[in-house]
Participant: 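Just dropping this structure here.
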2 protein chains.
Amino acid sequence: MKSFRYPQSCPVARAAEVIGERWTLLIIRELALGPQRFSDLRERLSGVSSSVLTARINGLLEKGLITREQLDPPAASTVYRLSDSGQALVPVLLGLVRWGARYFSSPHPGDHFEPDWLRLGLLAYSRREATPAHTYAIRIQTPGKPLPVRVAGGRGGTTVTLDDGPAELTITLEPSVLMGLVTGAIHPSEALAGGKLSAEGRVEILEKLPELFDLNADST
Amino acid sequence: MKSFRYPQSCPVARAAEVIGERWTLLIIRELALGPQRFSDLRERLSGVSSSVLTARINGLLEKGLITREQLDPPAASTVYRLSDSGQALVPVLLGLVRWGARYFSSPHPGDHFEPDWLRLGLLAYSRREATPAHTYAIRIQTPGKPLPVRVAGGRGGTTVTLDDGPAELTITLEPSVLMGLVTGAIHPSEALAGGKLSAEGRVEILEKLPELFDLNADST
DNA sequence: CGGAATCCTCTTCGATACTG
DNA sequence: CAGTATCGAAGAGGATTCCG
């Protein structure tokens with residue numbers, strides 16, 4: 001159970017030891033979206049072997065980035081959750097989403113896709129300054145299961161959470177179009193006209209999105 | 001020359017493919033501090049083998065994160081430099097510095113240490129909002145070679161650059177103490193009194209540091 | 001479901017040596 | 001200086017099996 005170590009006294013080396021192991025960053029991505037069970041993780045990581053997943057989980061437990069938790073009966077089950085130290089990595093993860101978004105336009109056929117991952121995309125471009133205090137319940141239909149979210153403005157910035165309630169707006173689009181809308185690269189009217197986007201319900205909400213999302217200037 | 005690929009359509013997976021390879025993140029760290037030659041890199045990466053370094057460099061060239069450049073004679077030499085795409089990773093790198101800083105307090109004896117790396121520490125906590133427009137030339141003495149920097153405030157925030165000119169202030173301290181000063185965890189007077197820090201020159205500059213540096217709230 | 005243990009294979013690493 | 005070539009050793013990964 002000894003893991004690799006760079007013999008350097010530098011925080012980047014420490015970080016690289018943690019997130020540099022194969023699959024680890026994706027485990028953190030999953031848990032950033034909420035607590036998960038072993039089998040959930042395994043499915044969402046596109047077939048990582050159970051032995052490798054076990055090794056990674058144990059490594060993360062050891063390093064204190066995640067915790068193991070026994071749910072009470074009757075839901076008796078084990079779930080993993082990010083610890084404070086693991087949560088502290090979420091801003092970095094969102095930075096990686098913004099960086100990795102440049103590859104979004106060249107998808108690879110046959111790749112596994114979970115609509116849930118789009119929540120990270122939304123979070124990555126959420127404004128962090130105060131935003132208008134409105135809440136929108138939006139149902140996002142991409143290829144795959146629908147993703148019902150609640151997008152809310154507030155003094156602390158924009159928040160994005162899962163929300164099973166009734167949706168005010170339902171949009172159907174490709175993931176890349178959603179990211180385009182959120183980063184401002186695509187204007188809603190364009191997308192509607194071009195057939196890239198279909199919307200049902202309070203369509204005017206689309207025009208409000210720029211208030212809530214931003215290119216989120218990663219200065220230097 | 002085929003590299004690993006996660007079969008997932010997610011920006012995090014793309015990012016993990018790049019920075020998840022061993023040594024890669026450290027190569028980016030080095031080039032974030034300035035262009036370097038092959039041999040420089042090799043020395044600063046604590047003995048990575050030349051074959052592995054070659055493989056990583058080629059991978060990064062292929063993915064467009066770095067460029068190769070022939071310097072004009074008489075300095076005839078090859079250097080590597082971050083491309084725009086590589087530069088775009090610097091904010092993430094600084095996020096990792098802030099995250100990895102939690103391990104700074106438990107150093108490992110015998111580890112390689114380059115004072116130059118402290119520049120990343122300073123950058124990681126530099127304020128990004130406008131700061132008072134003063135410039136300080138500080139010579140930082142840690143175990144190893146001195147690090148002469150120019151720390152400057154301005155409308156665009158704080159900048160930190162190398163500066164070989166005459167220093168207004170010379171401080172001698174351990175890396176962890178420097179980070180403590182910059183994050184506000186340690187107050188200069190404390191450090192001076194405790195013998196953790198010795199200063200020569202315009203000592204009052206120490207009191208100005210909080211204007212320039214910050215814990216740089218990584219909210220969520 | 002939630003893993004631990006085994007086995008076997010395929011890479012990768014590091015060391016060394018060599019070249020333009 | 002800036003790599004390439006080779007080689008043996010070590011390790012990581014996948015598949016499978018089994019157990020509480």
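What you see below is based on every heavy atom in this structure, not just the backbone, and it leaves out hydrogens, waters and symmetry mates. What you see is a predicted model; the values in this text were computed from it and never measured.
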Participant: Could you state the atom-to-atom distance from CZ of R37(A) to P of dC1(C) in whole Å?
Facilitator: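 In whole Å, dC1(C) P and R37(A) CZ are 7 Å from each other.
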
Participant: Calculate the interatomic distance between L41(B) atom CG and dA2(D) atom P; express it in whole Å.
Facilitator: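 Computing the L41(B):CG to dA2(D):P distance gives 10 Å.
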
Participant: Check this one for me: any side-chain N or O of R68(A) less than 4.0 Å away from OP1 or OP2 of dG3(C)?
Facilitator: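 Yes, within the criterion.
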
Participant: Is the closest basic N to carboxylate O distance between R5(A) and D111(B) below 4.0 Å?
Facilitator: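 So R5(A) pairs with D111(B) through a salt bridge.
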
Participant: Report the residue (F38(A) or V48(B)) whose heavy-atom-nearest nucleotide on DNA chain C is the more 5′ of the two.
Facilitator: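 The residue closer to the strand's 5' end, by nearest nucleotide, is F38(A).
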
Participant: Rounded to the nearest Å, what distance is computed from the CD atom of residue E21(A) to the P atom of nucleotide dA12(D)?
Facilitator: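 From E21(A) CD to dA12(D) P: 8 Å.
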
Participant: Return yes when atom NZ of K196(B) has more than 12 non-hydrogen atoms of other residues, nucleotides or ligands closer than 6.0 Å, and no otherwise.
Facilitator: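 Counting neighbours around NZ of K196(B), 12 or fewer heavy atoms of other residues, nucleotides or ligands fall under 6.0 Å, so no.
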
Participant: So, is Y80(B) close to the dC1(D) phosphate, meaning a side-chain N or O under 4.0 Å from OP1 or OP2?
Facilitator: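 Answer is no, no contact under 4.0 Å.
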
Participant: Go through the side-chain N and O atoms of R29(B) and Q8(A) and say whether any donor and acceptor fall under 3.5 Å apart.
Facilitator: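 On atom types as modelled, these side chains qualify, holding a pair under 3.5 Å.
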
Participant: When the distance from CG of N58(B) to C1' of dA5(D) is rounded to whole Å, what number comes out?
Facilitator: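 My rounded result for the distance is 14 Å.
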
Participant: Nearest-Å distance, CH2 (W23(A)) to C1' (dG11(D))?
Facilitator: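 Between C1' of dG11(D) and CH2 of W23(A): 18 Å.
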
Participant: Picking from I171(A), T170(A), L169(A), what satisfies side-chain contact (heavy atoms from CB on, under 4.5 Å) with I140(A)?
Facilitator: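 Only match with I140(A) under side-chain contact (heavy atoms from CB on, under 4.5 Å): I171(A).
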
Participant: Please state how far atom CD in E43(B) lies from atom P in dG3(D), giving the value in whole angstrom units.
Facilitator: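 To the nearest whole Å, that distance equals 15 Å.
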
Participant: Working to the nearest 0.5 angstrom, can you tell me the gap between S83(B) OG and L65(B) CG?
Facilitator: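 Output value for this atom pair is 5.5 Å.
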
Participant: When the C1' atoms of the five terminal pairs at each end define the local axes, what inter-axis angle does the helix from dC1(C)-dG20(D) to dG20(C)-dC1(D) show, to 10 degrees?
Facilitator: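 Answer rounded to 10°: the end axes differ by 50°.
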
Participant: Among dC1(D), dG2(C), dA15(D), which nucleotide sits nearest the side chain of S49(A)?
Facilitator: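 From the listed options, dA15(D) comes nearest.
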
Participant: If you pin S50(A) and I57(B) to their nearest nucleotides in DNA chain D, which one's is more 5'?
Facilitator: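 In this pair, the answer is I57(B).
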
Participant: Would you indicate which nucleotide in dG3(D), dG14(D), dA5(D) comes nearest to any side-chain atom of S51(B)?
Facilitator: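 Between dG3(D), dG14(D), dA5(D), the one nearest the side chain of S51(B) would be dA5(D).
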
Participant: Counting side-chain heavy atoms from C-beta on, which of dA2(D), dG14(D), dC13(C) comes nearest to R56(B)?
Facilitator: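 Output: dC13(C).
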
Participant: Please check the phosphate of dT11(C) (OP1 and OP2 only) for any side-chain N or O of R22(B) closer than 4.0 Å.
Facilitator: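 Checking dT11(C) against R22(B), no side-chain N or O comes under 4.0 Å of OP1 or OP2.
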
Participant: Mind telling me whether F4(A) and W23(B) have parallel, tilted or perpendicular rings, with 30° and 60° as the class edges?
Facilitator: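 Because their plane-to-plane angle is over 60°, the rings of W23(B) and F4(A) count as perpendicular.
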
Participant: Report the distance from atom CD1 of I66(B) to atom P of dA2(D), rounded to the nearest whole Å.
Facilitator: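 So the CD1-P distance, I66(B) to dA2(D), works out to 13 Å.
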
Participant: Run the side-chain contact (heavy atoms from CB on, under 4.5 Å) check on Y80(B) and I57(B) step by step: do they pass?
Facilitator: CA-CA 9 Å; Y80(B) 297 93; I57(B) 285 178; 3.5 Å; yes

Participant: So, does S39(A) get its side chain near the phosphate of dG2(C), meaning an N or O under 4.0 Å from OP1 or OP2?
Facilitator: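 So the side-chain polar atoms of S39(A) do come within 4.0 Å of the phosphate oxygens OP1 or OP2 of dG2(C), strictly under.
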
Participant: In whole angstroms, how far is the C1' atom of dG2(C) from the CD atom of Q70(A)?
Facilitator: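 The answer, rounded to whole Å, is 10 Å.
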
Participant: Could you check whether the side chain of T54(B) and the base of dA2(D) have a donor-acceptor pair of N or O atoms closer than 3.5 Å, going by distance alone?
Facilitator: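 Side chain to base: no pair present.
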
Participant: Using a distance-only test with no angle check, is there a side-chain donor-acceptor pair under 3.5 angstrom linking T161(A) and R150(A)?
Facilitator: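 Yes - a donor-acceptor pair under 3.5 Å links their side chains.
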
